[in-house]
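Below is one structure; the comments refer to it alone.
Order of the sequence lines sets the chain letters (A, B, ...), proteins ahead of strands, with each chain counted from 1.
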Number of protein chains: 2
Amino acid sequence: MNIGEAAALSGISAKAIRYYESIGLIEPAPRSDGGYRSYGDTDVAFLTFIRRARGLGFSVEDVTNLLGLYRDRNRASADVKAIAQAHVAGIERKVAELESIRRTLTHLIENCHGDERPDCPILDDLAGAATPGDARLV
Amino acid sequence: MNIGEAAALSGISAKAIRYYESIGLIEPAPRSDGGYRSYGDTDVAFLTFIRRARGLGFSVEDVTNLLGLYRDRNRASADVKAIAQAHVAGIERKVAELESIRRTLTHLIENCHGDERPDCPILDDLAGAATPGDARLV
DNA sequence: ATAATGTTTCCAGTTACTGGAAGGTCAAGG
DNA sequence: CCTTGACCTTCCAGTAACTGGAAACATTAT
């Protein structure tokens, strides 16, 4: 099948498939007489694997390693697990950071009139001024 | 003062200050005879505002708008609040997405032996196979 | 034959900067 | 006066992971 069909079946755009080939994430596809890339079911399976891994937020570098393990019949599941655990740790750091920001902003928003008047604790905080009667939020 | 001192006082790198000038986030600084950018306390205050806004995850585009409101004595606090609320909404979407991924991965990790054996529910899931005795996790 | 669709490669743009190169400026020391 | 070193200047590249678009070729349908 051509790249368009492989794209539709795998859920990865044709552009992205070419990109993955260009960076070496997938093998260069064999070409037809006219120069079109040609894919089989196995290729679609790999592409689907990639889509799902990317959908879980794994970096392309992680996916490279996961694909390597997927192909390796002698892999140790410990190696897969380690990649996933490191990824989860990164996600947890990110969530903690976002939650901290969310709490700060939510607090500032609650104290902002949100009307036509100009005074605003959000701007006060950004400007570095202490919100009156309130500990500095950072 | 020169850019280095403004950078140290504001907590923004000299590189970033030049970048902010290049994209129009801040006004071009006046130059000394030798061509050095020259900053005053007001400039440092603006830079500090930018650093704090960026630290709360506001995009540079948001910061442009926040700075505009900060400068505008006739602003409506409602406009500031709206920007902050939209940002919080985006953060909440992101957190929800990350939490969903975290739950999926944590579940898969718990069911992975993590030893020298090759079978691994994480790879099974990525490959699209149902984890034995377990509903498909996505 | 021609039109429509699919595919090819290549370049640019996205976000928000950072790193580095090549070269000018400035203050202090010899 | 000259040099050294710290600081500054501009400009180009690179980052992550693609997407959009242009120009041209291939294939299929009418």
Exercise. Is the phosphate of D:dC18, meaning OP1 or OP2, less than 4.0 Å from a side-chain N or O of A:Tyr20?
Worked result: yes
Exercise. Is the phosphate of C:dC17, meaning OP1 or OP2, less than 4.0 Å from a side-chain N or O of B:Ser13?
Worked result: no
Could you check how far [atom1] of [X] sits from [atom2] of [N], rounded to whole Å?
X	N	atom1	atom2	result
A:Ile12	D:dA17	CD1	P	13 Å
B:Ile26	C:dC17	CD1	P	11 Å
B:Ile17	C:dG19	CD1	P	15 Å
A:Asp33	D:dT27	CG	P	7 Å
B:Arg51	C:dC17	CZ	P	13 Å
A:Tyr19	C:dA12	OH	P	18 Å
B:Ile23	C:dC17	CD1	P	8 Å
A:Leu47	D:dC18	CG	P	12 Å

So [Y] and [X], do their side chains get closer than 4.5 Å, heavy atoms only?
X	Y	result
B:Glu99	B:Val95	yes
A:Phe58	B:Leu105	yes
A:Ile3	A:Tyr39	yes
B:Ile109	A:Gln85	yes

Exercise. If you look at every strand shown and take non-hydrogen atoms under 4.0 Å, does B:Phe58 touch a base, only sugar-phosphate, or nothing?
Worked result: nothing
Exercise. Under 4.0 angstrom, heavy atoms only, what part of the nucleic acid is A:Ser32 near: base, sugar-phosphate, or nothing?
Worked result: nothing
For this session: Just say parallel, tilted or perpendicular for the rings of A:Tyr70 and A:Phe46, cut-offs at 30° and 60°.
Result: perpendicular
Exercise. Quick one: what's the B/S/- string for nucleotides 7-14 of chain D, heavy-atom cutoff under 4.0 Å, read 5' to 3'?
Worked result: BSBBB---
Exercise. Between B:Ile83 and B:Leu25, is there a shared hydrophobic cluster once you connect ILVMFWY residues whose side-chain heavy atoms come closer than 4.5 Å?
Worked result: yes
Exercise. Going hydrophobic residue to hydrophobic residue with side-chain gaps under 4.5 angstrom, can you get from B:Leu123 over to A:Val60?
Worked result: yes
